[in-house]
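Everything on this sheet refers to the single structure shown next.
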Amino acid sequence: MAEGAIIARVLASPLEVDATAWNALLALQSHPTPFMRHEYLAALHESESAVPHTGWTPRFMTLWEGDLLVAACPLYLKSHSYGEYVFDWAWASAYEQHGVPYYPKAVVAVPFTPVPGTRLMARDAAARQWLVQALCQWCEDEGISSLHVLFASDDDVLTGAREGLMLRHTVQFHWKNVAPTLGTDVSSLPPEGALAALGRPGGGSGAAPTLGTGGFLLPTESVLAAVESHCDSGSAAAGTLAYRDFDDFLAHLTQEKRKKFRQERRRVAEAGVTFRWALGADITADDWNFFYRCYERTYLEHGNPPYLTRAFFQQMADRMPEHWLLFIAEREGRPIASSLIAISAQPSSARGQYHSKYAGCTAYGRYWGALERVDCLHFEACYYQPLAWCIAHGVQRFEGGAQGEHKMARALLPVPATSMHWLANPAFADAVDRFLAREVAGVEQYLDHLQARSPFRAA
């Protein structure tokens, strides 16, 4: 397709994009998730969870070739940094101290959803490159302080790096349904020199920088090749066999961790707590209502209103039921706690009769809450029950979400997650660039530290 035929349109609502066209483009991506579906983004908007009065003003960027949607991303103007999980409060504070406005900033993200995956949807690599250029150009034209692409996929990262965006790495904790060996399943970042160069416009020390579109300095081809090799290799687990059952999974843990798992599960059982689960359309209206009571209470106990409204979850029940799995803890016939899991796909239901056809699927730990306090109930509801379910149904991976080093003690291993950043002000861009170069080394050291604490026994 010819570049001249591409037209950029910035839309004030996800509802202005045809759902079929959006989802068809998402299906072409290397790392789609249910959270990028049109139904999910539209529900955030229609339920007034992610709207201007909550600090999320939609400005969805779309590229068109005639009537064909060739690239798109969820773009928001933000008046704060809540609900993003990539923390830039220090950057905002530095702007404020120098009398320079940081907000509004532009964010390419799924609101309140720290799940890595495709953010820059495109028909091909060229369209993804044009999308990044269109985003940066729009920010310049609108006088926006900065652009932030959060929890990006490898394809997004490669394109952003080529366009000179600065990379930032955080750590999440994921579980894989295959017995790991320490050296291969604990993910690492690309080579340190490549990371430092990609974190700096200009390609790093000694590199001859290349000027890109809009004045951005691009990394050298050798640096990009190193990162591309890392992205292609991924973080493949050793072996190919899934766990036979939960006991087989426990057998691969160190004796200390295996004992801890059993002790924590026994405490919940001895407290008289049992669990049931419901999937998809089998989650009843009463179940959803009870879940929201738990979810809302968790936020209120921490002094904050919940990010998501009850109307949002009603739309999930109505429009995306196949992507939700609910665990409910009961004691003496009363529900006392719940945890909600998202799944990338699932077979049809016959009132609880599900088949083990989840090869390649991913489960995502999302929300939990309790109305009564029981020792170790959080671990049982959010980790042990979901992991047992994933093993029984052949789910490939369980992602535990943002932060939480305690997740590693429950056999979720550290993996890096990447965001990309562009700052309009050259002086602040240089300061952030130098900060990210230091942060890279810290993240590498942190991952090395975590590797030494693997819950799995040596092979």
Side-chain angles (χ1 to χ4, degrees), residues 14 35 40-58 74 76-93 95-96 102-116 146 148 150-151 170-173 287-317 324 326-329 335-342 364-374 376-383 386 399-407 417 419:
F35 314 106
Y40 190 90
L41 296 166
L44 288 171
H45 185 82
E46 292 182 298
S47 69
E48 299 194 346
S49 298
V51 288
H53 75 78
T54 64
W56 297 79
T57 300
Y76 295 88
L77 288 178
K78 290 294 303 298
S79 60
H80 54 66
S81 293
Y82 293 103
E84 298 173 16
Y85 303 95
V86 176
F87 303 109
D88 61 350
W89 299 106
W91 303 1
S93 177
Y95 271 69
E96 182 180 9
Y102 187 67
Y103 303 108
K105 64 178 183 177
V107 175
V108 176
V110 180
F112 322 117
T113 310
V115 175
S146 53
H148 310 265
L150 307 184
F151 299 101
T170 56
V171 176
Q172 291 195 343
F173 296 86
D287 290 338
W288 280 110
N289 287 333
F290 174 73
F291 157 75
Y292 196 78
R293 285 178 60 201
C294 296
Y295 165 78
E296 182 180 44
R297 178 164 177 171
T298 297
Y299 274 84
L300 295 177
E301 285 179 346
H302 289 85
N304 299 304
Y307 284 137
L308 301 172
T309 66
R310 177 64 182 89
F312 169 79
F313 291 105
Q314 185 59 55
Q315 291 207 28
M316 291 297 95
W324 297 102
L326 182 65
F327 293 90
I328 294 181
I336 64 168
S338 64
S339 66
L340 186 65
I341 309 299
Y364 308 90
R366 298 305 301 127
Y367 316 104
W368 112 285
L371 304 184
E372 297 182 12
R373 298 189 181 278
V374 175
C376 299
L377 181 57
H378 172 259
F379 303 137
E380 182 70 25
C382 296
Y383 303 109
E399 298 189 7
Q403 304 174 292
E405 194 173 310
H406 66 277
K407 296 169 185 172
S419 60

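Just so it is clear, the model here is predicted, and its values are computed rather than measured. The basis for the numbers below is simple: all heavy atoms, side chains too, and nothing from hydrogens, waters or symmetry mates. Sequence positions, counted from 1, serve as the residue numbers for this chain.
Checked against the 6.0 Å centroid criterion, the rings of F291 and W324 do not qualify as a close aromatic pair. Aromatic pair Y364/F35: ring centres closer than 6.0 Å.
More than 12 heavy-atom neighbours from other residues, nucleotides or ligands sit within 6.0 angstrom of NE2 on H53. Crowding of E96 atom CD: a count of heavy atoms from other residues, nucleotides or ligands under 6.0 Å not exceeding 12.
A donor-acceptor pair shorter than 3.5 Å cannot be found between the side chains of N304 and Y82. Counting only N and O atoms by type, the side chains of T113 and Y40 include a donor and acceptor under 3.5 Å apart. Between T54 and Y307, the side chains place no donor N or O within less than 3.5 Å of an acceptor N or O (distance only, hydrogens not considered).
Relative ring orientation between H378 and H406 is described as tilted, the plane-to-plane angle lying within the 30° to 60° band.
In this structure, SG on C376 lies 13.0 Å from OH on Y383, to the nearest 0.5 angstrom. To the nearest 0.5 Å, the span separating CZ on R373 from CD1 on I336 amounts to 12.0 Å.
Between the side chain of E84 and the backbone N or O of A109, no donor-acceptor pair lies under 3.5 Å. Side-chain N or O atoms of K407 include one that pairs as donor or acceptor with a backbone N or O of G400 at under 3.5 Å. No donor-acceptor pair closer than 3.5 Å links the side chain of H45 to the backbone N or O of L41. Side chain of S81 to main chain of W89: no donor-acceptor pair is present (N/O by atom type, distance under 3.5 Å, no hydrogens or angles). The backbone N or O of L340 sits nowhere less than 3.5 Å from a side-chain atom of Y295 that would complete a donor-acceptor pair. Proximity of a side-chain donor or acceptor of R297 to a complementary backbone N or O of L371 within less than 3.5 Å is detected. Looking at S146, its side chain never comes within 3.5 Å of a backbone N or O of K105 through a donor-acceptor pair.
Put simply, the side chain of Y367 does not reach to within 4.5 Å of the side chain of S338, judged on heavy atoms.
Nearest heavy atom pair, residue Y102 against residue A92, reads CD2-CB, 3.4 Å.
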